Amino acid sequence: MSSTLFITNTLSRKKEEFKPLNPPHVGLYVCGPTVYSDVHLGNVRSFLSFDIVFRYLSYLGYKVRYVRNITDVGHLVNDADEGEDKIAKKARLEELEPMEIVQKYTNGFHDVMRIFNILPPSIEPTATGHLIEQMEMVKRIIAAGYGYEVDGSVYFDVRKYNEDHNYGELSGRNIDDLLSNTRALDGQDQKLDPLDFAIWKKAEQGHIMFWPSPWGEGFPGWHLECSAMSTKYLGNEFDIHGGGMDLKFPHHECEIAQNIGANGKNGPRIWMHGNMLTVQGRKMAKSEGNGFTPEELITGNHKLLDQGYSPMTVRFFMLQSHYGSTLDFSNDALRGAEKGYKRLMDGYETLQSLTPSGESTIDVAALKEACIDAMNDDFSTPILISKLFDGVKTINLIKTGAEKASEGDLKELKELFHDFIFDVLGFRKEDEQSGAGSDLTASLIELAISLRKAAKLNKDFTTADQIREELTKIGVTLKDNPDGTDFIIG
RNA sequence: GGUCACGUGGCCGAGCGGUUAGGCAACGGUCUGCAAAACCGUGUACAGCAGUUCAAAUCUGCUCGUGACCUCCA
C-alpha cells in the first residue's frame, strides 16, 4: 500500500509530504478552547478535524503526542472593559471565583468532546499551570532583544523582529499594510510601535487573576501560552500545529515570532488550519448569536433547527466535507447526513451477517487502497466516506447474491470497515433511539404485532391495517420484512 | 481600505488539465396482500466574459457575487 501522507501546510501554502522529525514519534499541538463559556458547534468542528488527524496518524502506526491546551487566563475583552481578563469579567458577573468558571466550562468542554466521540489529547496543559514557563519565555525574548518593558508590561518588538525575520509570513501580511490598519487598544501609547503585542501585561485595578513576576503583578500575554507549552512538551521544533483559520492572525503569527524570538526556532514544521462552520453563509460565532450548543442541536430546541440531530449524524455531516473548506450548516444538509449515516451503518450491520462463498468476485485490497489514498491526501474524509459507500453497495450486492465473497475476503472487509468507521472516522454506535422505551412498551407492541400477524394469516387485512394505523397514530412505525416485523418508536 | 479564500446539478459536497466522486431529494424497477422500509438502476452542473492548450470545472486576466482575517474568536 502507498503510505505517503500529504498535508496542506498553510505556512508554505502547499501540500507537502509528511516526514516526522523523529519517527515513529509525532508531535501535534492544537489550540484548545478558552473556558469562559459553552463551546458551540463551530468549536466542535475544529476539534473534530484534529481528532481525525490524531486518529489517522495513530492508525498509520505513529506514536503521537497530542497536546491541546486549555486557555484559562489571559485573553482580553475588547469592548468597554478593555484590558480586563475575559475570565475575570465573567467571574464578577456571576460572582464566582475565576477558577470556578474555568472548572465549570472545562467540564462542559470535556462533556461535549465525549458526546461527539472526540478523543482526549495526550496532554491537556493549562495556561495557569505554566506561568513559570511563560515568564521564562518572556525573559528569553527580552534577552534576545525582541522584548521591552514599560511600566510593568512587556511588549514584543515587532519592528525589531521584522528586521531579522519575517513577521507576517504565515498570514501573508506585511507590517506596512498592518500599520495603517491598527486600532486603538489598551496600552497602545506604551508601545514603541502599534504592531507590538503584549507578552506580559500589568494587572490593573480590579483585575482578579494576576501573579507576581519580575515585572510586577500581572498576567501573561494573549499569545504566549501556546508558545510556552508547545515548546515544553514538544520541543523547539515539532511536527504539526493546528487551529482554526481565525487564529492564523494574529495568534499564530505571534506564536511564530515568540518561538523564534525565544528559542531561535519556528516551532512547528507544518501549520494546519481548519476552516469555519457557517450558518446561512456566515461564520458561526458567539458574537453573531448563531451558535448552537450541542444540547440545542440534539434536542432541536433552537429557532434555526427544524428537528434534533444525533451527535454521530453531526459528526458524519462534518466529515463529509474537507476540513479546509467552509461548511454550511442547514436543516436540509443535516437531514441528508442523517440518512446517509444510517445507510453507512446499516451497511456495516449487513456486513456482519453476510455468509461467505467458495469464491470471490470482489476486490477488498483495491477498496482498502482507495480508502488509504483518500486519507493520505490531506485527510480527505469526504473521499474516504464515498469509498466506504462503494463498499456498502458491494455489501448489499453480496447480500442479494449478485456478488460473492470468500471467507477471507469477508474477514478483511469487516476489518476494513471496522478500522475506518470506528477507529479513523471515529463513529460510535448510537443506542437505538427508539429502543429507549421500556420493556413493557416493547412487550405491548410485540403483542400488537403478533395480533396483526394472526390477522394477516387469516387474510383479514382490514384488521391488520387497522392495527398498523393505530400504532402509527401513537408514533410506532411497523416495518415488515421476510423474517418478521420490526418497529420504530418516535 | 489591505490580505486571503470561495462561487459546482433541487440541497449538501468532492474535484489540483483529459477517465462515473459520494450522500440526500427526484424518477424508474425489485420485494410486499397493500404500505412503509430496504435493495438495484437513472438524470441535470461547473457565476459571467475573454485568453492559454490538441484538451479547462480545473491554468491566466477581467467582471459580478459571497465570505474570512486585519480586534477576543475553533
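Nothing here was measured: the structure is a model prediction, and the numbers come from that model. As a basis for the values below, the full set of heavy atoms in this structure was taken, side chains included, without hydrogen atoms, waters or symmetry mates. Each chain gets a letter, A, B and so on, in the order its sequence line appears, and its residues count up from 1.
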Heavy-atom side-chain proximity of A:L41 to A:L297 below 4.5 angstrom: yes
For residues 240-257 of chain A, which residue pairs qualify under salt bridge (Lys or Arg N to Asp or Glu O under 4.0 Å), counting only residues two or more places apart or in two chains? A:D246-A:K283
Could you give the distance separating B:rU20 and B:rG41 at their P atoms, to the nearest angstrom? 16 Å
Could you tell me the separation between the CE atom of A:M245 and the P atom of B:rU3, rounded to a whole number of Å? 18 Å
Check whether the side chain of A:R468 and the base of B:rC34 form a donor-acceptor pair under 3.5 Å. yes
When both distances are under 3.5 Å in a Watson-Crick or G-U wobble arrangement, the nucleotide paired with B:rC31 is none
Taken in chain and number order and not counting sequence neighbours, the residues that satisfy side-chain contact (heavy atoms from CB on, under 4.5 Å) with A:E349 are A:K429
Against the six-membered ring of A:F389, is A:R343 placed for a cation-pi contact (under 6.0 Å from the centre, within 45° of the normal)? no
What pairs of residues pass the salt bridge (Lys or Arg N to Asp or Glu O under 4.0 Å) test when at least one of them lies in residues 327-342 of chain A, not counting sequence neighbours? A:D306-A:R335, A:D332-A:R335, A:K342-A:D346
Mind jotting down which residue pairs meet the salt bridge (Lys or Arg N to Asp or Glu O under 4.0 Å) criterion with at least one end in residues 37-57 of chain A? Sequence neighbours excluded, please. A:D51-A:R55, A:D51-A:R315
When rounded to whole Å, the CD1 to C1' distance for the pair A:I175 and B:rG2 reads 15 Å
Span that lies between the C1' atom of B:rA74 and that of B:rC69, in whole angstrom: 14 Å
When both distances are under 3.5 Å in a Watson-Crick or G-U wobble arrangement, the nucleotide paired with B:rC70 is B:rG1
Rounded to the Å, how far apart are A:D460 CG and B:rC34 C1'? 14 Å
Just name whichever nucleotide pairs with B:rU19, Watson-Crick or G-U, keeping both distances under 3.5 Å, else none. none
OP1 or OP2 of B:rA14 under 4.0 Å from side-chain N/O of A:S325: yes
All N/O contacts under 3.5 Å from nucleotides 19-25 of chain B to the protein, with atom names and distances to one decimal?
| unit_1 | atom_1 | unit_2 | atom_2 | d |
| --- | --- | --- | --- | --- |
| B:rA25 | OP1 | A:K339 | NZ | 2.8 |

Could you list the residues that satisfy ring-ring contact (aromatic ring centres under 6.0 Å, His included) with A:F50, not counting sequence neighbours? none
Under a 3.5 Å limit for both distances, which nucleotide forms a Watson-Crick or G-U wobble pair with B:rG7, could you say? B:rC64
Under a 3.5 Å cut-off for both distances, is B:rA37 Watson-Crick or wobble paired, and to whom? none
Counting only Watson-Crick pairs (N1-N3 plus N6-O4 or O6-N4) and G-U wobbles (N1-O2, O6-N3), all under 3.5 Å, who is the partner of B:rA45? none
Need the pair for B:rU53. Rule: Watson-Crick or G-U wobble, both distances under 3.5 Å, any strand; none if unpaired. none
